[in-house]
Number of protein chains: 2
Amino acid sequence: MRSKQPTIWDIAIKLNVSISTVSRALRNAPDINPETKKAVLDLAHQLDYQPNTIATSLRKNKTDIIGVMVPEFVHAFFPSIILGIQEVANAAGYKVMVMQSGESLEIEKHNLQAMVSSRVDGLILAITRETNDYEHIISAQRKGLPIVFFNRVVDELQGSKVMVDDYKGAYIAVQHLIQTGCRRIAHLAGPENMTIGRNRLNGYLDALKAHQVPIEDELIMHCDFVDGRARACTQRLLTMENRPDALFAVNDPTAIEALICIRENGLSIPDDIALAGFSNAPHGAFVTPSLTSVVQPIHEIGGLAAQLLLRQIKAPQQFIPETHVLDTTLVIRQSTRAKPE
Amino acid sequence: MRSKQPTIWDIAIKLNVSISTVSRALRNAPDINPETKKAVLDLAHQLDYQPNTIATSLRKNKTDIIGVMVPEFVHAFFPSIILGIQEVANAAGYKVMVMQSGESLEIEKHNLQAMVSSRVDGLILAITRETNDYEHIISAQRKGLPIVFFNRVVDELQGSKVMVDDYKGAYIAVQHLIQTGCRRIAHLAGPENMTIGRNRLNGYLDALKAHQVPIEDELIMHCDFVDGRARACTQRLLTMENRPDALFAVNDPTAIEALICIRENGLSIPDDIALAGFSNAPHGAFVTPSLTSVVQPIHEIGGLAAQLLLRQIKAPQQFIPETHVLDTTLVIRQSTRAKPE
DNA sequence: GTGAAAGCGCTAACAA
DNA sequence: TTGTTAGCGCTTTCAC
């Protein structure tokens, strides 16, 4: 903002005191005459004085801002997490600066630079699906930027991580499909370089193995969180000569794409094809048929990530990376068949 | 970020030049020896130097950040708009700082203070449903903060505004309901202190009048964007002795609440009750039955708001507030009846 | 083409 | 209890 706003200097002049006195009054330091203080605060109020946090940040070498970067926030998943982050951060006196990478590595790099340049005190990050080179992230960490990773987590990076039990979630979802009579279960999978994609795939595979359902490679389709790809993959699955009788999708947006495709093909869910997702969103309850999905504690993820980050910011020297794995549960709705008695 | 990062000083020392030379090289000023410049840039790269934008902002009295505050971003509407804002802002070299007020006036005030203190260069704002006192906003404007309002717009505030043709949208939606045979059309309305609520209500009323459909006050329910209220209102409408045969909802989240309530009551849409919304979101296409809704150019809203703001930031003295009203159209889906031939 | 120096608004020794 | 002063990292005159 370009215009001239009142500074402590203006207050000092009018009150015939020094700027340090004003500064003390404003930050209610202990060693100040109550009357002086009152005069300062009154005048500050009257002038509608707002401290220039730019100056404070420069001086104190901290901004009290934590950055958050997510791939997108059009779906409800990341916004819900950000909500959790904001609650914890604001309560601790921090502001939150949100950016989205749009699933683009280039934008991620650019935004990260901006965050570093803005000297955010810490960052909570879910990387893009494209991110396979981590130099920009490691470089920021080398500069001393504390980073907590969540959701999209990767072994190559060090730091605190918040994730959910993807393996178990996938396992119970697929097990449920098997127990309700499905035998050819396809998987609309996520990126294999990410833990999230690998673990969900492994849960899927192990559930099949444990129940002696044969694994068929052509039933595993990598959609990788790319918009539209799930639809194409589903279409391909539906036109196979021996089409699958169930789909397990790596997340809910993927599942909803599949759902639409199945409907368009005039097939019925769950009778022709059962469908289960992995809950990124509350919207699964509203589609028809409503979506059976693995539920994760969305709000908690954000809050926990913020807590870990704040701890690291406040005591960087005694920081030890922590990985938290939150529990997942299955919510059974209409898109999967009823269990036989 | 607390740790010590390289500064122009470090570069200057190593190269045995002055900091002004380094500064010039870094901003590629014209009057500098190409060799000096190259040396500086090389070293900067090697040290992984990132300029401290805090210092630059303080010095230049501008941050190149524009703030965005919205009531919430769990529904897709505001995130989509933010996307449009970011595109335009980033292309112009601005960063975007997003905050949400959570529909709370208190948080709105607090966040606005934070934005002012952070000296954002401008603000794009959709006020909360609670905001009926505008002093905090006017005060920020008095300080010279350019603000563009959108979606939730109010007569009492001056400044550029981006809105859609709410009146027309409501009118054509209700007209469609009438033309498809509905006669008792209820309205799940928005807050009356906002243009958005008033205009949609007026469109509803005028469409009824124009088609000689009697207006019944008890069919107008004020849900005011409060979560859960649409559900309660719908329940009340459904249990009226002479229940309505159509609902026009002020926005899609409201419509979806109504849809769920109607389904729970075992009534069929659109046969028992037709339903139309006002599109805040693309999700209307996925619910069953899919939602007839007034569509607004979401992406354009954000882009336009950003353009207006940037123009005002860059030439504040010759700024004249502009109000833009974007067009709306009706998308007919399954939640309303077919037109008679 | 380069350097010296002032200053953006604030905090925090240190002195008085 | 208050004032003086240095300085956070950078840009920008003004000299040279």
Side-chain angles (χ1 to χ4, degrees), chain A residues 1-41 43-44 47-65 116-121 143-144, chain B residues 1-41 43-44 47-65 116-121 143-144:
Chain A
M1 194 164 30
R2 283 149 193 249
S3 83
K4 54 278 133 262
Q5 295 193 38
T7 71
I8 51 169
W9 219 86
D10 299 315
I11 299 180
I13 287 279
K14 294 211 177 143
L15 254 37
N16 244 315
V17 296
S18 74
I19 57 166
S20 26
T21 302
V22 176
S23 174
R24 275 190 271 261
L26 256 18
R27 300 172 275 129
N28 54 72
D31 48 352
I32 186 163
N33 183 320
E35 288 177 23
T36 324
K37 180 168 170 178
K38 182 170 184 325
V40 169
L41 291 180
L43 183 56
L47 295 177
D48 201 5
Y49 167 82
Q50 300 287 126
N52 184 330
T53 49
I54 309 270
T56 310
S57 296
L58 182 60
R59 178 62 232 249
K60 306 223 281 191
N61 197 26
K62 64 196 281 288
T63 53
D64 292 335
I65 295 178
V116 171
S117 273
S118 305
R119 300 296 193 266
V120 294
D121 288 342
K143 290 194 165 64
Chain B
M1 196 164 27
R2 283 149 194 251
S3 84
K4 54 277 133 264
Q5 294 193 38
T7 71
I8 52 170
W9 219 85
D10 299 316
I11 299 180
I13 287 279
K14 294 212 177 142
L15 255 36
N16 243 315
V17 295
S18 74
I19 56 167
S20 20
T21 301
V22 176
S23 174
R24 275 190 271 261
L26 257 18
R27 301 171 276 127
N28 53 71
D31 49 351
I32 185 162
N33 183 320
E35 288 175 24
T36 323
K37 180 168 169 178
K38 183 169 183 326
V40 169
L41 291 180
L43 184 55
L47 294 178
D48 201 6
Y49 166 82
Q50 301 285 126
N52 184 330
T53 49
I54 308 269
T56 309
S57 296
L58 182 60
R59 177 62 233 246
K60 305 225 280 194
N61 198 26
K62 63 196 281 289
T63 54
D64 292 334
I65 295 177
V116 170
S117 273
S118 305
R119 301 296 193 265
V120 296
D121 288 342
K143 290 194 165 63

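Keep in mind that the numbers below use all heavy atoms, side chains included, and drop hydrogens, waters and symmetry copies. Proteins come first, then strands; the chains are lettered A, B, ... in the order of their sequence lines, and each starts at number 1. All figures in this text were calculated on a predicted structure; none of them were measured in a lab.
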Notebook entry, point to check: Which whole-number value in Å describes the distance from K37(B) NZ to dT2(C) P?
Noted result: 12 Å
Next item on the list: Let me know, please, whether P6(A) or R24(A) comes out on the 5' side of the other along DNA chain C by nearest nucleotide.
Entry: P6(A)
Margin query: Without decimals, in angstroms, what is the distance between I11(B) CD1 and dG9(D) P?
Written below: 13 Å
Notebook entry, point to check: Between dT4(D) atom C1' and I19(A) atom CD1, what is the distance in whole Å?
Noted result: 9 Å
Margin query: Measuring from atom CD1 of I54(B) to atom CD1 of I54(A), what distance do you get when rounded to the nearest 0.5 angstrom?
Written below: 6.0 Å
Next item on the list: May I ask you to say what D31(A) touches in the nucleic acid, namely base, sugar-phosphate or nothing, with a heavy-atom cut-off under 4.0 Å?
Entry: base
Next item on the list: Return the nearest nucleotide to the side chain of T7(A); candidates are dC10(D), dC10(C), dC8(C).
Entry: dC10(C)
Item checked: Spacing of T36(B) atom OG1 and L15(B) atom CG [to the nearest 0.5 Å] -> 8.5 Å
Notebook entry, point to check: How many Å lie between CD1 on I8(B) and C1' on dC8(D), as a whole number?
Noted result: 12 Å
Margin query: Under a plain distance cut-off of 3.5 Å, with no hydrogens placed, do T21(A) and S18(A) share a side-chain donor-acceptor pair?
Written below: yes
Note to self: How many whole angstroms separate atom CG of N16(A) from atom P of dT2(D)?
What the structure shows: 13 Å
Next item on the list: Take atom CD of E35(A) and atom P of dT2(D), then tell me their distance rounded to the nearest Å.
Entry: 9 Å
Note to self: Rounded to the nearest 0.5 Å, what separates atom CD1 in I11(A) from atom CG in L43(A)?
What the structure shows: 5.5 Å
Margin query: If you only use heavy atoms from C-beta on, which nucleotide in dT2(D), dA12(C), dG3(C) is closest to the side chain of T21(B)?
Written below: dG3(C)
Check: When we call it a touch if two heavy atoms are under 4.0 Å apart, what does T56(B) touch: a base, just sugar-phosphate, or nothing?
Finding: sugar-phosphate
Checklist line | Value in whole Å for how far the C1' atom of dC8(D) lies from CG of N52(B) | finding: 8 Å
Notebook entry, point to check: Are any of Y49(A)'s side-chain N or O atoms less than 4.0 Å away from OP1 or OP2 of dG9(C)?
Noted result: no
Next item on the list: Assign I32(A) to base, sugar-phosphate, or nothing according to its heavy-atom contacts below 4.0 angstrom with the strands shown.
Entry: sugar-phosphate
Notebook entry, point to check: What is the distance from NZ of K62(B) to P of dC8(C), rounded to the nearest Å?
Noted result: 18 Å
Notebook entry, point to check: Quick one: does K143(B)'s side chain have a donor or acceptor within less than 3.5 Å of a partner on D48(A)'s backbone?
Noted result: yes
Next item on the list: Determine whether any donor atom in the side chain of S20(B) lies under 3.5 Å from an acceptor atom in the base of dA4(C), or the reverse, and answer yes or no.
Entry: yes
Item checked: Base dG9(C) paired with R119(B) side chain (donor-acceptor, <3.5 Å) -> no
Note to self: Determine whether a donor-acceptor pair (one donor, one acceptor, N or O, separation below 3.5 Å) exists between the side chain of T36(B) and the base of dT2(C).
What the structure shows: no
